[in-house]
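Read through the structure below, which is laid out as structure tokens, and then see the notes.
Proteins come first, then strands; the chains are lettered A, B, ... in the order of their sequence lines, and each starts at number 1.
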Amino acid sequence: MSSPIEPEFQKIYDVVRAIPRGSVLSYGDVAKIAGSTARTVGWAMGNVDGLDVPWQRVVGADGYLRIGKRSPELKEKQHRLLLEEGVEFLENGYVDMAKQRDAGAPPPVPQTLSLDLDE
DNA sequence: TTGGTGACGCGGC
DNA sequence: CGCCGCGCCACCA
């Protein structure tokens with residue numbers, strides 16, 4: 001509604017959509033895969049508007065929900081959504097990243113995406 | 001055009 | 001282990 005989705009952001013959204021339910025990726029991870037930067041991914045997540053993008057599955061590299069600077073409610077919403085998806089949290093409110101990798105969790109990025117950013 | 005800001009990340013202290 | 005600063009890229013005034 002605001003701005004036309006550039007193909008580059010499209011890639012970001014594509015990667016986020018590929019995140020399996022109950023799993024999460026960090027902004028940096030998404031950025032690396034989409035060939036962008038963490039900041040840009042963050043900006044993209046803030047512009048999902050009505051797109052079909054599971055923005056809640058993108059968290060900080062340390063597992064912290066880096067939202068709430070100006071939208072504490074949004075952070076709570078993300079927390080709730082992730083809980084419903086089966087994502088485990090720690091006492092401090094951080095996502096249990098260790099569990100994420102250790103739970104024998106499936107690769108965050110399905111091969112269906114075939115990231116061809118390899119030269 | 002320049003400068004400041006931000007849903008980030010990481011190295012230094 | 002926490003705080004600070006720089007780098008990054010896109011957006012807005």
Side-chain angles (χ1 to χ4, degrees):
Chain A
M1 266 242 237
S2 326
S3 42
I5 312 302
E6 302 277 329
E8 204 153 319
F9 301 149
Q10 186 59 52
K11 181 79 179 281
I12 293 176
Y13 296 135
D14 216 19
V15 173
V16 177
R17 286 200 195 92
I19 303 176
R21 194 168 176 285
S23 200
V24 299
L25 277 186
S26 71
Y27 295 90
D29 289 335
V30 174
K32 197 181 290 185
I33 298 168
S36 187
T37 66
R39 280 225 181 266
T40 303
V41 171
W43 181 87
M45 292 300 97
N47 273 283
V48 289
D49 261 345
L51 294 176
D52 235 334
V53 179
W55 54 270
Q56 71 270 23
R57 293 177 195 162
V58 184
V59 303
D62 49 6
Y64 182 67
L65 278 59
R66 288 187 100 85
I67 314 183
K69 290 205 162 178
R70 288 168 308 183
S71 301
E73 324 175 358
L74 203 55
K75 187 176 105 177
E76 234 180 282
K77 182 177 182 181
Q78 180 178 23
H79 186 206
R80 196 188 67 249
L81 288 173
L82 290 179
L83 280 178
E84 288 180 33
E85 296 186 357
V87 175
E88 296 188 47
F89 279 81
L90 301 176
E91 319 289 317
N92 53 13
Y94 282 47
V95 174
D96 194 339
M97 300 303 275
K99 224 43 177 263
Q100 283 285 316
R101 281 169 300 198
D102 200 57
V109 185
Q111 306 133 346
T112 56
L113 262 184
S114 60
L115 30 155
D116 47 285
L117 44 129
D118 135 323
E119 339 281 289

Pick one: which of D29(A), I33(A), V30(A), V15(A) meets side-chain contact (heavy atoms from CB on, under 4.5 Å) with V41(A)?
V30(A)
Testing V16(A), I67(A), L25(A) one by one against V58(A) for a side-chain contact (heavy atoms from CB on, under 4.5 Å), which residue passes?
V16(A)
Could you check if a side-chain atom of L81(A) sits within less than 4.5 angstrom of a side-chain atom of Q78(A), using non-hydrogen atoms only?
no
Let's see if you can work this out: which of dG9(B), dC8(C), dC11(C) has an atom nearest to the side-chain heavy atoms of A38(A)?
dG9(B)
Would you mind classifying the nucleic acid contact of G28(A) as base, sugar-phosphate or nothing, using non-hydrogen atoms under 4.0 angstrom?
sugar-phosphate
Specify whether F89(A) and H79(A) have parallel, tilted or perpendicular ring planes, treating 30° as the upper limit for parallel and 60° as the lower limit for perpendicular.
perpendicular
Check every atom of dC8(C), dC11(C), dA7(B) against the side chain of R66(A) and return the nucleotide holding the closest atom.
dA7(B)
Taking only residues two or more places apart in sequence, or in another chain, which ones meet D96(A) in a side chain to side chain contact (heavy atoms under 4.5 Å, CB included)?
E88(A), L90(A), A98(A), K99(A)
Sequence neighbours excluded, which residues qualify as side chain to side chain contact (heavy atoms under 4.5 Å, CB included) partners of R80(A)?
K77(A), E84(A)
Expressed as a whole number of Å, how far does the C1' atom of dG2(C) sit from that of dA7(B)?
22 Å
Starting at OH of Y64(A) and ending at P of dG9(B), how long is that distance when rounded to a whole Å?
13 Å
Give me, pair by pair, the N or O atoms of the protein and of nucleotides 1-3 of chain C that are less than 3.5 Å apart, along with how far apart they are.
none

Distance, rounded to the nearest Å, where I19(A) contributes CD1 and dA7(B) contributes P:
19 Å
Side chain of T37(A) (C-beta onward), nearest among dA10(C), dA7(B), dC9(C):
dC9(C)
So S36(A), base contact, sugar-phosphate only, or nothing? Heavy-atom distance under 4.0 Å.
nothing
So does D52(A) get a backbone contact from the side chain of Y13(A), meaning a donor-acceptor N/O pair under 3.5 Å?
no
S26(A) vs dG9(B): side-chain N/O to OP1/OP2 distance below 4.0 Å:
yes
Among the nucleotides dG9(B), dC11(C), dC9(C), whichever has the atom closest to the side chain of W43(A) is dC11(C)
Whole Å only: how far is the CE atom of M45(A) from the P atom of dA7(B)?
14 Å
